[in-house]
Amino acid sequence: MAYWLIKSEPDTWSWDEQVKSGTKGTSWTGVRNHAAKLNLMRMKKGDRCFFYHSNEGKEIVGIAEVIKEHYLDPSDKTGKFVAVDVKAKDPLKTPVTLAQVKTEAKLKNMALIKLSRLSVQPVTDAEWMTVCKLGGVKA
DNA sequence: GCCAACGTTGGC
DNA sequence: GCCAACGTTGGC
């Protein structure tokens with residue numbers, strides 16, 4: 001299983017809304033960046049994603065699961081970009097903030113810091129374990 | 001195909 | 001609200 005991190009501005013789509021959408025989940029649309037698109041296309045059903053709030057909060061708040069692999073993003077008129085479906089899985093007991101990620105030696109190479117503008121990022125196994133530990137959930 | 005101009009993202 | 005990083009666009 002692979003691990004990812006997906007970003008959303010809580011004003012647009014928050015973790016709470018993701019939770020409310022329940023087990024049927026929601027489509028993760030609106031990605032308009034080719035690097036992010038490639039990551040979406042690599043996602044497999046059952047993969048886990050950290051759900052990160054950008055701008056407001058700036059913290060990893062929960063874990064989502066991929067429930068449908070990539071398909072054409074219906075919100076993209078050019079037909080170039082793709083979406084996946086995700087559902088909320090577990091909230092973190094303690095959100096892991098960007099500040100924590102920056103100070104934690106094991107996390108300082110995370111794409112979240114290195115590629116701060118990329119909205120869909122890969123997460124390594126080691127990074128996943130570390131964030132889960134900080135967040136008070138089991139990996 | 002290069003590169004300057006411009007727009008967007010996201011942290012501060 | 002500012003600005004750095006970076007992707008995209010368009011003129012040449």
Side-chain angles (χ1 to χ4, degrees):
Chain A
M1 186 198 323
Y3 300 114
W4 309 94
L5 181 145
I6 54 181
K7 289 196 208 175
S8 185
E9 299 196 22
D11 284 352
T12 308
W13 181 253
S14 70
W15 172 250
D16 283 349
E17 289 171 278
Q18 186 70 54
V19 169
K20 276 180 201 146
S21 75
T23 55
K24 65 176 172 19
T26 43
S27 52
W28 199 264
T29 60
V31 168
R32 295 292 181 271
N33 168 290
H34 290 285
K37 172 192 161 176
L38 285 176
N39 289 329
L40 285 179
M41 292 178 74
R42 289 194 198 106
M43 286 185 181
K44 298 286 178 208
K45 198 172 174 181
D47 281 359
R48 303 289 161 79
C49 309
F50 284 132
F51 195 109
Y52 177 78
H53 278 171
S54 61
N55 277 320
E56 292 290 318
K58 283 171 291 180
E59 55 194 11
I60 298 166
V61 289
I63 294 172
E65 180 178 337
V66 177
I67 54 173
K68 187 176 174 190
E69 292 176 19
H70 70 91
Y71 52 93
L72 268 184
D73 182 344
S75 74
D76 172 33
K77 290 185 279 301
T78 66
K80 284 187 194 154
F81 291 96
V82 300
V84 298
D85 283 3
V86 295
K87 70 168 185 189
K89 189 167 167 52
D90 296 303
L92 297 198
K93 273 205 192 78
T94 318
V96 176
T97 65
L98 181 65
Q100 271 180 288
V101 171
K102 282 186 171 168
T103 51
E104 174 59 53
K106 288 184 188 132
L107 300 177
K108 64 168 187 251
N109 289 321
M110 275 189 85
L112 188 60
I113 298 168
K114 298 262 167 160
L115 303 168
S116 62
R117 292 189 48 201
L118 185 59
S119 58
V120 181
Q121 323 180 337
V123 174
T124 67
D125 290 3
E127 288 161 355
W128 186 269
M129 299 299 170
T130 305
V131 173
C132 284
K133 196 184 236 181
L134 289 172
V137 288
K138 58 178 196 301

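Throughout, a chain's letter reflects where its sequence line sits, starting with A, and its residues are numbered from 1. Below, all heavy atoms of this structure are taken into account, side chains as well, without hydrogens, waters or symmetry copies.
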Check the pair A:T26, A:Q18 against side-chain contact (heavy atoms from CB on, under 4.5 Å), reporting the backbone distance first and the verdict last.
CA-CA 7 Å; A:T26 43; A:Q18 186 70 54; 3.0 Å; yes
Once base and sugar-phosphate atoms are separated, protein heavy atoms under 4.0 Å mark nucleotides 2-9 of chain C, 5' to 3', with B, S and - as ---BBSS-
Q. Between A:H53 (side chain) and A:W15 (backbone), is there a donor-acceptor pair under 3.5 Å?
A. yes
Output field: ring centroids A:W13/A:F51 closer than 6.0 Å
no
Any donor-acceptor N/O pair, A:Q121 side chain to A:L112 backbone, under 3.5 Å
yes
Check your understanding: Ignoring hydrogens and geometry, is there a side-chain-to-backbone donor-acceptor pair from A:K87 to A:S21 under 3.5 Å?
Key -> no
- Message: Is the phosphate of B:dG10 approached by A:K58 (side-chain N or O, under 4.0 Å from OP1 or OP2)?
- Response: no
A:E59 CD to B:dC12 C1', in whole Å, measures 16 Å
Taken to the nearest whole Å, CD1/A:I60 to P/B:dG11 is 11 Å
_A:S116 side chain to A:I113 backbone, donor-acceptor under 3.5 Å_ = no
A:L112 atom CG is separated from B:dC12 atom C1', nearest whole Å, by 15 Å
